[in-house]
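The structure under discussion appears below in the form of structure tokens.
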Amino acid sequence: MTRYIFITGGVVSSLGKGLASAALGALLQARGYRVRLCKLDPYLNVDPGTMSPFQHGEVYVTDDGAETDLDLGHYERFTGVPAKGTDNTTTGRIYTSVLQKERKGDYLGATIQVIPHITNEIKDFIREKDGTAEFVLCEIGGTVGDIESLPFLEAIRQFGNEVGHARALFIHVTLLPYIPAAGELKTKPTQHSVKELMSAGIRPDILLCRADRAIDEDERAKIALFCNIDRKKVIPAVDVSSIYEVPLTYHREGLDQQVMESFGIKDLPSLDLSIWDNIVHNIKAPEGEVTIAIVGKYTNLADSYKSLNEALAHGGIANKVRVSLKFIESQIFESEDPEAHLRGVNGILVPGGFGERGAEGKIRAARYAREKKIPYFGICFGMQMAVIEVARNLCGIKGANSTEFGTCDDAVIGLMTEWVKGNQKESRSAKGDLGGTMRLGSYPAALAPGSKVSEAYGSKMIKERHRHRYEVNINYRAKLENAGLIFSGLSPDGNLPEIVEMKDHPWFIGVQFHPELKSKPFEPHPLFVSFIEAAVKQGRMV
Ligand code: GLN
């Protein structure tokens, strides 16, 4: 029997509902349950694939090639359950589906309305998760009170009614702001938010109260009284220094016990939190520190590189070091010497990116890393920029560039119009839609024996997730390899370069895929483990 937990948010956005859902998922797993997490997003985009990272943070890509909300990354990092495209939907997708059905005549004769047609479509999305999971955790994006959220709230209200209270639970995440003049945490916004939720017909079973300091018993009792909720079900969620502490602190505050109690589960299965204890122990007692420079474009919004930041931290956990990140806006290297900014760092990482702005700066960062023998990790765009750098400065191909920035003399990076996925041919045209037309999702790559990457992975065949339109042009392989840039990973048909690495360099690797998406704190990604290990060695040398 599947039970459903709905997580809504109130008072303000960015409360960490995704993290809260992921941590609760991890706690339920620690009690031996099978879980599945999903997210309903109220915005109108069909998926976040076309949104700027400045607007919405990172786009998380699943194995099956869906461009999804970054919260799915939290879910996968905390539970290890690979996210699927069907774990995320948006108002845009729901309406698209309903309108397609209407055109096809599926509702012939009916007037199409928000209730029941849109709400039914939302309920179908939730119900489709009903498979092997014992708990489905469903997060509702946005904040209660937003116009866009209303159909979602109505749908989960109906859903709760249909499956019955024994199988549906509502958790509301709110904020208790601290007001310095009063010297106390305020409960009024939470009271109002619960009232708003009640006006949508949903009575929260559990309140998860975010605060930047301890919530005292009086405040808890006050919230319980005004919101008509058992005091034990008003759970403090106070800020912690590492997100991986969250499952432990939630457990200490009684979240999983209260969830069990609300569902009427009397015999609590035993709990094993040892993986989280170990992770937190390694984070809190590092034996050293390395500094990694991230040279990118979206450096002033940390959420743009969410999975990347986490994967680097996981590499640190594996090497028992703290990884301190230095974000550098790449454009700066177009007018300033990289030396001033990069001197002393133990590793340089150029992450994924789009468009010409800042590209030359990234090329200079790759050159600096290559010449100074500092570990370099180029991810997707960062690989492409490193290839351009080597082509220009070691192969003497002065006009080497990417066709992403316009026509050029030597397209070492070019648009692939046709490629193979499994047994199928995929294709795109230069003038086609931008949404959903990239090489997306999991693709295999064959690794060259004896290469640094095959050593790091400990295997000859890997599968990694992609999200890009352009590829390294295989026709330049001989020239680049003569200059020392080895093509150490290729698509199985040998047409698409997936990994390059520099000979005679401590660690210079570019990958066309996004390894950060699959890294977990309890299973750090081999390339991040190896990169941080190289950074530790580099640190010992200086
Ligand atoms: N803009 C590049 C491309 O489309 C790289 C994309 C990325 O880094 N994810 O190929």
Side-chain angles (χ1 to χ4, degrees), residues 47-54 56-63 65-68 70 73 294-299 303-309 311 330-331 348-363 365-366 376-389 391 400-408 411-419 421 426-443 445 464-474 476 489 491 495-500 509-518 527:
D47 63 38
T50 53
M51 278 193 228
S52 158
F54 285 125
H56 195 256
E58 159 189 283
V59 173
Y60 190 76
V61 181
T62 58
D63 280 332
E67 296 176 284
T68 68
L70 58 76
I294 298 185
V295 182
K297 187 155 90 170
Y298 316 110
T299 47
D303 265 2
S304 318
Y305 300 120
K306 190 77 219 158
S307 296
L308 184 65
N309 302 344
S330 64
Q331 242 175 332
I348 296 171
L349 191 150
V350 175
F354 292 83
E356 193 167 13
R357 182 176 74 76
E360 288 301 323
K362 294 176 189 177
I363 293 171
Y376 176 84
F377 199 175
I379 294 183
C380 207
F381 200 69
M383 173 210 202
Q384 298 173 355
M385 295 306 108
V387 170
I388 294 174
E389 191 278 313
N401 219 328
S402 167
T403 54
E404 181 170 355
F405 317 142
T407 45
C408 58
V412 293
I413 311 297
L415 185 76
M416 279 296 291
T417 49
E418 237 175 48
W419 67 96
K421 180 163 200 176
E426 307 245 319
S427 64
R428 72 162 83 82
S429 79
K431 291 204 176 93
D433 283 357
L434 287 184
T437 57
M438 285 191 255
R439 181 148 82 97
L440 283 168
S442 182
Y443 282 84
E464 293 282 3
R465 296 182 194 166
H466 290 246
R467 181 175 185 251
H468 53 103
R469 224 167 250 121
Y470 298 85
E471 312 275 350
V472 174
N473 187 340
I474 192 83
Y476 288 88
S491 58
N495 286 334
L496 301 173
E498 303 282 32
I499 308 175
V500 293
I509 294 177
V511 295
Q512 189 57 82
F513 45 81
H514 288 275
E516 70 274 23
L517 300 176
K518 289 199 348 188
L527 289 180

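Every number for a ligand or one of its atoms is a count from 1 in the order of the listing.
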Item to complete: For a side chain to side chain contact (heavy atoms under 4.5 Å, CB included) with Tyr60, tell me which candidate from Lys306, Arg465, His514 qualifies.
Response: Arg465
Worksheet item: Tyr376: what forms a ring pair (Phe, Tyr, Trp, His ring centres under 6.0 Å) with it, not counting sequence neighbours?
Response: Phe508
Discussion item. Quick one, Arg357 and Gln331 - any side-chain contact, counting heavy atoms below 4.5 Å?
Written reply: yes
Discussion item. Tell me whether Arg467 is salt-bridged to Glu67, with the criterion being a basic N under 4.0 Å from an acidic carboxylate O.
Written reply: yes
Fill in: Residue contacts for ligand 1, heavy atom to ligand atom, distance under 4.0 Å
Gly352, Gly353, Phe354, Cys380, Phe381, Gln384, Glu404, Arg467, His468, Arg469, Tyr470, His514
Discussion item. Within the structure provided, determine whether Cys380 and Gln512 are in side-chain contact (heavy-atom separation under 4.5 Å).
Written reply: yes
Fill in: Heavy-atom closest pair, residues Pro351 and Leu308
CB-CD2, 3.6 Å
